[in-house]
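To start, the structure itself, in structure tokens.
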Amino acid sequence: RENDASITAKLPKSNNHIKKSLCPLNTAGRTSQIPPPNVQAYSSSPKRFAMSTVRAFTVGATDSGWQRSIVDLPIDSLGTGDVLVKVEYSGINYKDGLASTESGKVARIDPLIPGIDLAGTVVESNDASVAVGSSVIVHGYDIGVAHHGGYAQMARVPGGWVVPMPAGLDARTAMLVGTAGYTAALSVAALEQHGLRPGDGPVLVTGATGGVDRKSTRLNSSHEWIS
């Protein structure tokens with residue numbers, strides 16, 4: 001099982017061109033095609049995106065046991081939030097693997113759309129600070145755990161969770177960095193704030209086979225520290 005967020009799940013980019021999607025447990029590189037939703041077209045209103053259903057990867061308990069499925073869901077079932085994002089990429093994180101299994105004890109709603117991070121384009125917004133058409137990132141908070149996440153064609157989230165795409169990044173690159181890279185960067189920044197400088201000696205990174213730790217090792221090495 002790969003637990004590095006550098007592996008990303010590619011979701012359909014348009015209704016007319018079917019893409020392949022990697023589900024979080026499909027780590028052998030096998031792919032499954034996801035058909036387009038029933039309706040996908042911009043409405044005349046700049047704030048409203050006309051769409052009846054979205055295709056999503058869901059996990060949860062059923063009468064026959066724990067089930068992982070690719071299903072069509074009503075767009076109104078994506079949860080609360082004032083921003084609708086057309087998902088382009090979502091990373092595959094270790095936490096997503098936990099959320100996708102009954103024994104993981106991570107999912108707090110049932111059923112759940114996993115995906116603790118995503119990048120895409122805003123297609124509907126009732127938040128004045130988030131413009132329709134802007135490229136954004138969403139990660140952290142309750143997404144993919146207690147709020148439906150990135151393993152769907154669309155995600156509806158609160159405006160306060162939305163981060164503008166930094167200059168120089170696109171959706172794919174942002175998810176290659178992913179939650180693991182962001183966490184690693186915060187860790188290295190904290191070390192710098194506490195006075196660590198090149199030449200201070202070795203830096204110990206524990207659990208360096210995980211996504212966060214591997215990226216921490218790379219960041220430390222790029223700062224000319226010995227890791």
Side-chain angles (χ1 to χ4, degrees), residues 1-12 18-40 49 51-120 124 137-158 160-162 175 178-180 183 210-212:
R1 178 175 61 190
E2 177 62 62
N3 56 3
D4 188 345
S6 63
I7 298 178
T8 55
K10 186 70 172 68
L11 297 175
I18 297 175
K19 298 293 183 180
K20 291 182 177 180
S21 174
L22 291 174
C23 85
L25 300 181
N26 205 358
T27 56
R30 299 185 299 273
T31 59
S32 58
Q33 287 188 332
I34 296 182
N38 295 336
V39 179
Q40 185 168 344
F49 191 76
M51 190 170 179
S52 62
T53 63
V54 295
R55 182 133 287 198
F57 173 75
T58 64
V59 299
T62 67
D63 292 340
S64 57
W66 189 262
Q67 187 170 356
R68 294 174 287 270
S69 306
I70 295 177
V71 298
D72 289 315
L73 296 174
I75 195 167
D76 291 338
S77 68
L78 290 178
T80 59
D82 40 22
V83 176
L84 184 66
V85 180
K86 182 179 180 182
V87 180
E88 297 173 24
Y89 286 88
S90 181
I92 299 179
N93 298 271
Y94 181 67
K95 195 171 186 179
D96 297 315
L98 292 176
S100 299
T101 61
E102 186 175 11
S103 60
K105 308 298 182 183
V106 167
R108 300 208 300 272
I109 58 174
D110 186 2
L112 169 71
I113 301 173
I116 64 169
D117 53 25
L118 64 91
E124 178 185 322
I137 300 169
V138 184
H139 70 101
Y141 299 95
D142 287 331
I143 189 169
V145 176
H147 187 98
H148 289 317
Y151 293 172
Q153 292 172 304
M154 296 283 169
R156 187 178 297 280
V157 296
W161 296 7
V162 176
M175 289 296 97
T179 298
T183 306
V212 173

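Numbering of residues begins at 1 and proceeds along the displayed sequence.
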Taking only residues two or more places apart in sequence or in another chain, which ones pass side-chain hydrogen bond (donor to acceptor under 3.5 Å, both in side chains) with Ser77?
none
How many angstroms lie between atom CG of Asp110 and atom CH2 of Trp66, to the nearest 0.5 angstrom?
6.0 Å
In this structure, CD of Glu88 is separated from CE of Met175 (nearest 0.5 Å) by 10.5 Å
Under the 3.5 angstrom rule, does the side chain of Asp117 hit a backbone N or O of Gly91 as a donor-acceptor pair?
yes
What is the minimum heavy-atom distance between His147 and Arg156, and which atoms define it?
NE2-O, 2.6 Å
Mind checking what makes side-chain hydrogen bond (donor to acceptor under 3.5 Å, both in side chains) contact with Thr80, not counting sequence neighbours?
none
Let me confirm one number: the CZ-CD distance from Arg68 to Glu102, rounded to the nearest 0.5 Å.
10.0 Å
Phe57 pairs by side-chain contact (heavy atoms from CB on, under 4.5 Å) with which of Ser100, Ser69, Ser90?
Ser100
Side chains of Ile70 and Tyr151 in contact at under 4.5 Å (non-hydrogen atoms):
no
CG of Asp76 to OG of Ser52: how many Å apart, nearest 0.5 Å?
10.0 Å
Are any side-chain N or O atoms of Asp96 and backbone N or O atoms of Ile116, one a donor and one an acceptor, separated by less than 3.5 Å?
yes
Please state whether the rings of Trp161 and Tyr141 are parallel, tilted or perpendicular, taking 30° and 60° as the class boundaries.
parallel
Going by the rule side chain to side chain contact (heavy atoms under 4.5 Å, CB included), which residues pair with Pro111 if we only count those two or more places apart in sequence or in a different chain?
none
Mind checking side-chain hydrogen bond (donor to acceptor under 3.5 Å, both in side chains) for Asp142 and listing every partner two or more places apart, or none if nothing turns up?
Arg108
His148 vs Val157, side-chain contact (heavy atoms from CB on, under 4.5 Å): CA-CA, chis, key distance, verdict
CA-CA 9 Å; His148 289 317; Val157 296; over 6 Å; no
For residues Ala99 and Leu112, report the shortest heavy-atom separation together with the two atoms involved.
CB-CD2, 4.0 Å
Short side-chain to backbone donor-acceptor contact, His139 and Ala119, under 3.5 Å:
no
Going by side chain to side chain contact (heavy atoms under 4.5 Å, CB included), name the residues that satisfy it together with Thr183, two or more places apart in sequence or in a different chain.
Thr179, Val212
Is the shortest heavy-atom distance from the side chain of Leu118 to the side chain of Ile143 under 4.5 Å?
yes
Take Ile113 and Leu78 through the side-chain contact (heavy atoms from CB on, under 4.5 Å) test and state the conclusion after the steps.
CA-CA 9 Å; Ile113 301 173; Leu78 290 178; 4.0 Å; yes
Say whether, by atom type as modelled, one donor and one acceptor occur between the side chain of Gln153 and the main chain of Arg55 under 3.5 angstrom.
yes
Qualifying residues under side chain to side chain contact (heavy atoms under 4.5 Å, CB included), relative to Ser103, sequence neighbours excluded
Thr101
